[in-house]
Amino acid sequence: MYGSDVSFAMVAIIAIIVLVLIILASCIRIVPQAYAFVVERLGGYQATWGVGLHLKLPIIDKVAKKVLLKEQVIDFKPQPVITKDNVTMHIDTVVFFQITDPKLYAYGVENPMSAIENLTATTLRNIIGDMELDQTLTSRETINTQMRASLDIATDPWGIKVNRVELKNIIPPAEIQEAMEKQMKAERERREAILRAEGEKKSTVLVAEGKKESAILEAEAEKEAAILRADAVKEATIREAEGKAQAIEAVQKANAQGIAYLNAANPSKEVLTIKSLEAFEKAADGQATKIIIPSDLQGVAGLVTGISELAKK
């Protein structure tokens, strides 16, 4: 009996120790990075724990909500909206948000994600309802800005900050899509025709400029060739004239020297007469058609004939 009582006591003590250790372990909580824990005591808000090690009272304290503080993204399914000109479209949106106040997030609204989705759909309908179809398709940035501002104000009491809103897809009715595709095709064909015409125009201009440049180069080449030919003719003429001038100068010098020699030799009358006949012979060999013979030379003709006969003998 005694041994069994001791064994029971030991088991009880070990059980109590284990229970105490479990309770103590449950009182130690570690909050990881980018999280916040909302703690309640006896059912009421007690505190918001940040990153690190925390101790809570057993039984009376509990972690009511674990809140993620990183930026989150919600992709909502397409919502039907009606434009100002009564065209029904489907638009799906993407909302980027971040929880800035864990307490307001925990107690501000029931099911915050559903609340944000409904609020996004309502805001989108209000904005699109004031726009026509064409404006809706070309004003995404404006719609994004208006939605972000409206959602940020509406979610502020919930401890949520809306950082960005993006329209992921705008899906118009099938007949409008078909008309838009035809319009886009026609626009592409128009641009293609314009580009082709511009290309042909540029090609024509380039060809014309090429011909013009070629003609200019040919004219300049011909001009330079003519200048060179003229310079060559001019140079030849100058050189020919210089040659004739030099020849005349040489002849004149020779004549002058001959006269000087004759003067130095004190020639007789007969020598002078012979020189006159030589000059007359040269004049007769020229191109002149009429020769005037001086009177004093006529008397010398007989003398010349005699001298010729004597030379023959």
Side-chain angles (χ1 to χ4, degrees), residues 5-81 91-127 143-168:
D5 291 340
V6 173
S7 298
F8 179 77
M10 290 294 292
V11 172
I13 292 172
I14 294 172
I16 291 172
I17 293 173
V18 172
L19 180 61
V20 170
L21 292 175
I22 293 174
I23 292 173
L24 290 176
S26 66
C27 293
I28 300 174
R29 303 302 298 271
I30 298 176
V31 179
Q33 185 70 32
Y35 275 88
F37 288 0
V38 177
V39 180
E40 293 180 349
R41 177 170 294 173
L42 299 176
Y45 172 76
Q46 173 61 26
T48 300
W49 290 349
V51 178
L53 180 66
H54 298 272
L55 296 175
K56 72 181 184 68
L57 297 178
I59 302 174
I60 63 174
D61 287 350
K62 74 170 184 177
V63 177
K65 199 171 190 65
K66 298 178 181 179
V67 180
L68 178 63
L69 300 180
K70 294 189 294 185
E71 187 176 47
Q72 303 179 56
V73 182
I74 307 178
D75 187 357
F76 298 126
K77 63 182 181 181
Q79 300 289 334
V81 293
I91 301 177
D92 58 340
T93 55
V94 179
V95 179
F96 298 81
F97 70 94
Q98 191 172 9
I99 298 171
T100 57
D101 192 326
K103 179 183 177 181
L104 292 177
Y105 180 74
Y107 302 105
V109 64
E110 182 69 21
N111 196 350
M113 297 300 104
S114 177
I116 292 176
E117 181 179 7
N118 291 328
L119 183 61
T120 301
T122 303
T123 305
L124 183 62
R125 290 190 182 99
N126 292 336
I127 295 174
I143 298 172
N144 293 340
T145 303
Q146 292 181 5
M147 287 192 63
R148 192 208 67 78
S150 299
L151 291 177
D152 191 36
I153 294 173
T155 58
D156 187 63
W158 305 341
I160 299 173
K161 177 176 178 56
V162 177
N163 296 326
R164 195 164 71 254
V165 178
E166 298 289 344
L167 300 185
K168 188 176 180 181

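These numbers come from the heavy atoms of this one structure, side chains and all, not from hydrogens, waters or symmetry mates.
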Nearest-0.5 Å distance, [atom1] of residue [X] to [atom2] of residue [Y]:
{"X": "Asp92", "Y": "Thr120", "atom1": "CG", "atom2": "OG1", "answer": "12.0 Å"}
{"X": "Lys77", "Y": "Ile91", "atom1": "NZ", "atom2": "CD1", "answer": "15.5 Å"}
{"X": "Ile14", "Y": "Leu19", "atom1": "CD1", "atom2": "CG", "answer": "13.5 Å"}
{"X": "Asn126", "Y": "Ser150", "atom1": "CG", "atom2": "OG", "answer": "8.5 Å"}
{"X": "Glu166", "Y": "Phe96", "atom1": "CD", "atom2": "CZ", "answer": "6.0 Å"}
{"X": "Asn163", "Y": "Phe97", "atom1": "CG", "atom2": "CZ", "answer": "10.0 Å"}

Check whether any side-chain heavy atom of [X] sits under 4.5 Å from a side-chain heavy atom of [Y], and report yes or no.
{"X": "Thr48", "Y": "Phe37", "value": "no"}
{"X": "Asp156", "Y": "Leu104", "value": "no"}
{"X": "Gln79", "Y": "Thr93", "value": "no"}
{"X": "Phe76", "Y": "Lys168", "value": "no"}
{"X": "Asp152", "Y": "Lys161", "value": "yes"}
{"X": "Leu119", "Y": "Leu151", "value": "yes"}
{"X": "Leu55", "Y": "Ile28", "value": "yes"}
{"X": "Met147", "Y": "Val162", "value": "no"}

Item checked: More than 12 heavy atoms from other groups under 6.0 Å of OH on Tyr107 -> yes
Checklist line | CD1/Ile59: more than 12 non-hydrogen atoms of other groups inside 6.0 Å | finding: no
Closest contact, heavy atoms only, [X] versus [Y]:
{"X": "Ile160", "Y": "Ile116", "answer": "CD1-CD1, 3.7 Å"}
{"X": "Leu69", "Y": "Gln98", "answer": "O-NE2, 3.0 Å"}
{"X": "Val38", "Y": "Ala106", "answer": "CG2-CB, 4.2 Å"}

Next item on the list: Determine which pairs satisfy salt bridge (Lys or Arg N to Asp or Glu O under 4.0 Å) with at least one residue from residues 99-125, sequence neighbours left out, and list them in order.
Entry: none
Checklist line | Val67 and Tyr35: CA distance, side-chain angles, deciding distance, side-chain contact (heavy atoms from CB on, under 4.5 Å) verdict | finding: CA-CA 6 Å; Val67 180; Tyr35 275 88; over 6 Å; no
Notebook entry, point to check: Side chains of Asp61 and Gln46: do they bring a donor and an acceptor to under 3.5 Å?
Noted result: no
Check: Okay, side chain of Asn144, backbone of Arg164: is any donor-acceptor separation there less than 3.5 Å?
Finding: no
Note to self: Can you list everything that forms a side-chain contact (heavy atoms from CB on, under 4.5 Å) with Val109? Sequence neighbours excluded, please.
What the structure shows: Pro112, Ala115, Trp158
